[in-house]
Amino acid sequence: MFYSSRTLPRNVDDLQAFLWVFVWILDLYNPGSDGSFRNRFQHPAAAALDQKYSFVHRCKEGDICITSRYPEGLELILNLGSFFAKKMKHPCPTTPDKLGQEANDVARGGYQIALGHFKTAIDRLSNATPVKLIPFSEVLMRLSRGISSV
């Protein structure tokens with residue numbers, strides 16, 4: 001998800017989408033959240049890109065500005081963010097042929113690493129305190145009333 005008009009979307013962009021969805025969900029279900037954290041990533045494209053770029057590089061340094069009652073979720077975000085920050089060092093493919101070559105050469109390994117981080121978090125969550133789930137309709141109702149945490 002870090003590309004300009006001169007580069008093409010990469011297989012790592014699909015993986016990175018999981019990170020942003022997970023960050024959004026973790027913040028949405030954080031009782032202490034006022035919603036400002038996830039809103040930073042919904043600015044116009046250039047501003048959101050800067051926020052995401054900064055966020056993954058902070059993950060690489062072990063510093064994220066999100067809280068959660070689940071350290072397993074925070075560890076997953078740190079691991080995925082660090083993984084994506086390291087991927088940014090590699091030049092982006094600029095032609096469909098180069099994009100295909102990158103997918104053949106590194107995509108499988110990248111997916112294995114990312115899925116490995118998810119597996120580790122899921123395994124650790126088996127010992128965590130259960131979460132009280134509420135219906136999505138109630139989440140929407142609370143959000144429409146301005147209640148930022150659900």
Side-chain angles (χ1 to χ4, degrees), residues 1-4 7-93 99 102-144 146-150:
M1 297 203 174
F2 295 106
Y3 53 88
S4 69
T7 60
L8 301 168
R10 305 162 67 184
N11 65 295
V12 75
D13 298 331
D14 294 334
L15 283 173
Q16 198 174 99
F18 286 110
L19 170 66
W20 302 122
V21 169
F22 188 68
V23 165
W24 191 87
I25 290 170
L26 199 63
D27 188 58
L28 179 67
Y29 285 94
N30 180 0
S33 173
D34 64 359
S36 62
F37 182 81
R38 63 183 172 276
N39 290 338
R40 292 188 314 176
F41 301 110
Q42 297 176 12
H43 291 295
L49 179 67
D50 287 342
Q51 290 289 329
K52 289 178 177 181
Y53 185 84
S54 174
F55 183 84
V56 296
H57 281 283
R58 288 181 72 177
C59 287
K60 193 172 97 181
E61 302 300 321
D63 174 32
I64 56 173
C65 51
I66 185 172
T67 59
S68 172
R69 60 184 150 197
Y70 298 102
E72 301 84 2
L74 295 176
E75 181 181 356
L76 175 60
I77 289 172
L78 280 171
N79 288 335
L80 290 174
S82 296
F83 170 74
F84 294 122
K86 291 173 190 168
K87 287 286 185 187
M88 287 180 199
K89 292 181 181 179
H90 304 291
C92 294
L99 185 66
E102 179 192 61
N104 289 333
D105 292 346
V106 299
R108 172 173 254 152
Y111 277 88
Q112 288 174 338
I113 291 168
L115 291 174
H117 291 312
F118 273 100
K119 182 181 181 329
T120 299
I122 291 167
D123 290 346
R124 291 189 61 216
L125 277 171
S126 65
N127 297 323
T129 305
V131 176
K132 178 186 174 199
L133 298 178
I134 60 174
F136 187 68
S137 58
E138 187 175 332
V139 171
L140 293 175
M141 180 188 67
R142 289 181 183 190
L143 290 172
S144 70
I147 301 170
S148 63
S149 62
V150 289

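Basis for what follows: all heavy atoms, side chains included, without hydrogens, waters or symmetry-related copies.
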**Fill in**
side chain to side chain donor-acceptor pair (under 3.5 Å) pairs touching residues 107-116, sequence neighbours excluded, are none

**Asked** Is the backbone N or O of Asp50 less than 3.5 Å from a side-chain atom of Ser54, with the two atoms forming a donor-acceptor pair by type?
**Response** no

**Request:** Please round to the nearest 0.5 Å and tell me the distance separating atom CZ of Phe83 and atom CD of Gln16.
**Result:** 9.5 Å

**Message:** Tell me whether Ser144 contacts the main-chain N or O of Met141 through its side chain, where contact means a donor paired with an acceptor under 3.5 Å.
**Reply:** yes

**Asked** What's the spacing between Trp24 CH2 and Leu19 CG if we round to 0.5 Å?
**Response** 14.5 Å

**Residues in side chain to side chain contact (heavy atoms under 4.5 Å, CB included) contact with Leu115, at least two apart in sequence or another chain** = none

**Asked** Going from NE2 on His117 to CG on Leu15, what distance comes out if it is rounded to the nearest 0.5 angstrom?
**Response** 10.5 Å

**Asked** How close do Leu78 and Asp63 get, heavy atom to heavy atom, and via which atoms?
**Response** CD2-N, 4.1 Å

**Prompt:** What distance separates Asp13 CG from Phe84 CZ, expressed to the nearest 0.5 Å?
**Reply:** 9.0 Å

**Asked** What's the shortest heavy-atom distance between Ala85 and Lys60, and which atoms?
**Response** CB-CD, 3.8 Å

**Item:** Nearest heavy atoms of Cys59 and Ser82, plus distance in Å
**Value:** O-OG, 3.1 Å

**Item:** Min side-chain heavy-atom separation Phe22-Leu80 under 4.5 Å
**Value:** no

**Request:** Assess the pair Phe55 and Trp20: is the distance between their ring centroids shorter than 6.0 Å?
**Result:** yes

**Asked** Hey, are the side chains of Ile122 and Leu76 touching, using non-hydrogen atoms and a 4.5 Å cut-off?
**Response** no

**Message:** Could you measure the distance from the CG atom of Leu143 to the CD atom of Glu138? Nearest 0.5 Å is fine.
**Reply:** 10.5 Å

